[in-house]
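What follows is a set of notes on a single structure, which appears directly below.
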Number of protein chains: 2
Amino acid sequence: MTEDLVLGRQVCFALYAASRALTDVYRPILDEHGLTYPQYLVLLVLWEHDDDALTVSALGAALRLDSGTLSPLLKRLEAAGLVVRTRSAADERRVEVGLTGRGRALRERMGDVPRRVGSATGLTEAELVFLHGILTRVTETIHRHKEQ
Amino acid sequence: MTEDLVLGRQVCFALYAASRALTDVYRPILDEHGLTYPQYLVLLVLWEHDDDALTVSALGAALRLDSGTLSPLLKRLEAAGLVVRTRSAADERRVEVGLTGRGRALRERMGDVPRRVGSATGLTEAELVFLHGILTRVTETIHRHKEQ
DNA sequence: GCCCGATGAGTTGTGCACAACTTGATTGCG
DNA sequence: CGCAATCAAGTTGTGCACAACTCATCGGGC
């Protein structure tokens, strides 16, 4: 019983530590392109949707981040010339975030990033699949829990 | 090949998202005691070492945090009356962080926190063990990698 | 057409994380 | 001994995260 509790908190700490360790791996690699990890995540979402501009809310839903985090982040990406933000004509409340030429071009230049990061984890493909499954389930369980 | 890369980044995002989701679970529970998650982690380390005061560096080694993060955090814990910071007499460079009576007493009052959080993850004990193993290995692989 | 609740983005304030730097204490080597 | 290199903690500056809030816009019901 007590052991469960100790283990439970160790898993939480392990998650927290692993997450920070992984961004440590990303940092020097992304720094070559002047990006932070959350900025890179935003670009990944935009690259996936190719030429469709996304609203700030849509980006937030994909990354589970709110406008308080995204607004200043997107402003920095715009200042870097990677994205453009335009008020939607149809709905003046919305802001559409689209890639610039530079933002699209960056995709090719960063093609090797996942491989470089993946090799640093030292995990097999099977372990990555398993890890992904558990983590996604945890995240979803928590968010389902929260909405009730 | 391409699929590996996509999966690789999904695992990274899954880790990032799961870590934030879990602190979302902690937040309201810890808020009852006026604590943040990193502050709670510091107290866990101090509780484990019971009556031995720890230096800021020792805390940092346990949590993989540097003085830039810990110094202001410890100041807030001291302001809350949970810890005391005293310059070491033997080595004036060191600062020893010890628990106050209130800090020790909090341990009993927070005994149910791990159970409450653990149940929110929806994982079995076996999955928690597995997850812990993988995550710890990832973190250690990365840090070993870095020191070379 | 008008209002009222809801919605989307942005702002403000707090607290991590981390890099780069400062300051003061200590250690070890010649 | 003397002093240079090292070390521990703290400070400063940047960029997330997130809560709480503002503000403008939109949509539905009357």
Side-chain angles (χ1 to χ4, degrees), chain A residues 13 16-28 30-31 34-43 53-61 63-80 83 85-97 139 142-143 146, chain B residues 13 16-28 30-31 34-43 53-61 63-80 83 85-97 143 146:
Chain A
F13 173 66
Y16 164 79
S19 179
R20 282 189 300 127
L22 208 50
T23 63
D24 279 353
V25 175
Y26 274 101
R27 192 170 298 110
L30 296 181
D31 199 51
L35 292 176
T36 65
Y37 182 60
Q39 289 168 10
Y40 172 65
L41 291 179
V42 166
L43 290 180
L54 290 176
T55 64
V56 175
S57 312
L59 278 169
L63 300 172
R64 299 195 185 279
L65 291 171
D66 66 4
S67 70
T69 299
L70 285 175
S71 286
L73 188 156
L74 291 171
K75 229 160 155 178
R76 283 186 283 270
L77 281 182
E78 189 171 44
V83 305
R85 294 182 305 154
T86 48
R87 283 275 160 195
S88 161
D91 185 341
E92 290 272 341
R93 289 172 305 181
R94 296 167 183 268
V95 166
E96 319 228 307
V97 182
T139 305
I142 289 172
H143 282 105
K146 222 169 51 175
Chain B
F13 174 65
Y16 164 78
S19 179
R20 282 188 300 128
L22 207 51
T23 65
D24 280 353
V25 176
Y26 274 102
R27 192 170 297 110
L30 296 180
D31 199 52
L35 292 176
T36 64
Y37 182 61
Q39 288 168 10
Y40 172 65
L41 290 179
V42 166
L43 289 179
L54 291 176
T55 64
V56 174
S57 312
L59 278 171
L63 299 172
R64 299 194 182 281
L65 292 171
D66 66 4
S67 70
T69 300
L70 285 174
S71 286
L73 188 156
L74 292 170
K75 229 161 158 178
R76 284 185 284 270
L77 282 181
E78 189 172 44
V83 305
R85 293 182 304 153
T86 49
R87 282 275 161 195
S88 161
D91 185 341
E92 290 272 339
R93 289 174 305 181
R94 296 166 184 268
V95 166
E96 319 228 306
V97 181
H143 282 105
K146 222 169 51 176

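Proteins come first, then strands; the chains are lettered A, B, ... in the order of their sequence lines, and each starts at number 1.
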On DNA chain D, nearest-nucleotide positions of B:Ala58 versus B:Thr23: which is more 5'? B:Ala58
Give, for atom CD of A:Glu96 and atom CG of A:Asp91, the distance between the pair rounded to the nearest 0.5 Å. 9.0 Å
Is any side-chain heavy atom of A:Thr36 less than 4.5 Å from a side-chain heavy atom of A:Arg76? no
Considering just the side-chain nitrogens and oxygens of B:Lys75, establish if one lies under 4.0 Å of OP1 or OP2 belonging to D:dT11. yes
Using the 3.5 Å cut-off, write out each protein N or O paired with an N or O of nucleotides 2-8 of chain C and the distance between them.
unit_1: C:dT7; atom_1: O2; unit_2: A:Arg93; atom_2: NH1; d: 3.2

Name all residues meeting the side-chain contact (heavy atoms from CB on, under 4.5 Å) criterion together with A:Arg85; count only those two or more places apart in sequence or in a different chain, and write none if there are none. A:Leu74, A:Lys75, A:Glu78, A:Val95, A:Val97
For A:Asp24 and A:Arg27, indicate whether the former's side chain and the latter's backbone hold a donor-acceptor pair under 3.5 Å. no
What is the distance, rounded to the nearest whole Å, between atom CG of A:Leu59 and atom P of C:dG10? 11 Å
Walking DNA chain C from its 5' end, the first of B:Ser88 and A:Ser71 to be reached, judged by nearest nucleotide, is A:Ser71
Check whether any side-chain N or O of B:Arg87 sits under 3.5 Å from a backbone N or O of B:Arg93 as a donor-acceptor pair, and report yes or no. yes
For the CG atom of A:Leu70 and the CG atom of A:Leu63, what is their distance to the nearest 0.5 Å? 6.5 Å
So do B:Thr55 and B:Ser88 actually touch side chain to side chain, heavy atoms under 4.5 Å? no
Mark yes or no for whether B:Thr23, through its side chain, and B:Arg20, through its backbone, hold a donor-acceptor pair below 3.5 Å. yes
Could you list all N or O pairs between the protein and nucleotides 15-17 of chain D that sit under 3.5 Å apart?
unit_1: D:dC16; atom_1: OP1; unit_2: A:Thr36; atom_2: OG1; d: 2.7
unit_1: D:dC16; atom_1: OP2; unit_2: A:Gln39; atom_2: NE2; d: 2.9
unit_1: D:dC16; atom_1: OP2; unit_2: A:Arg76; atom_2: NE; d: 2.7
unit_1: D:dC16; atom_1: OP2; unit_2: A:Arg76; atom_2: NH2; d: 2.9
unit_1: D:dC16; atom_1: O5'; unit_2: A:Arg76; atom_2: NH2; d: 3.2
unit_1: D:dA17; atom_1: OP2; unit_2: B:Tyr16; atom_2: OH; d: 2.4

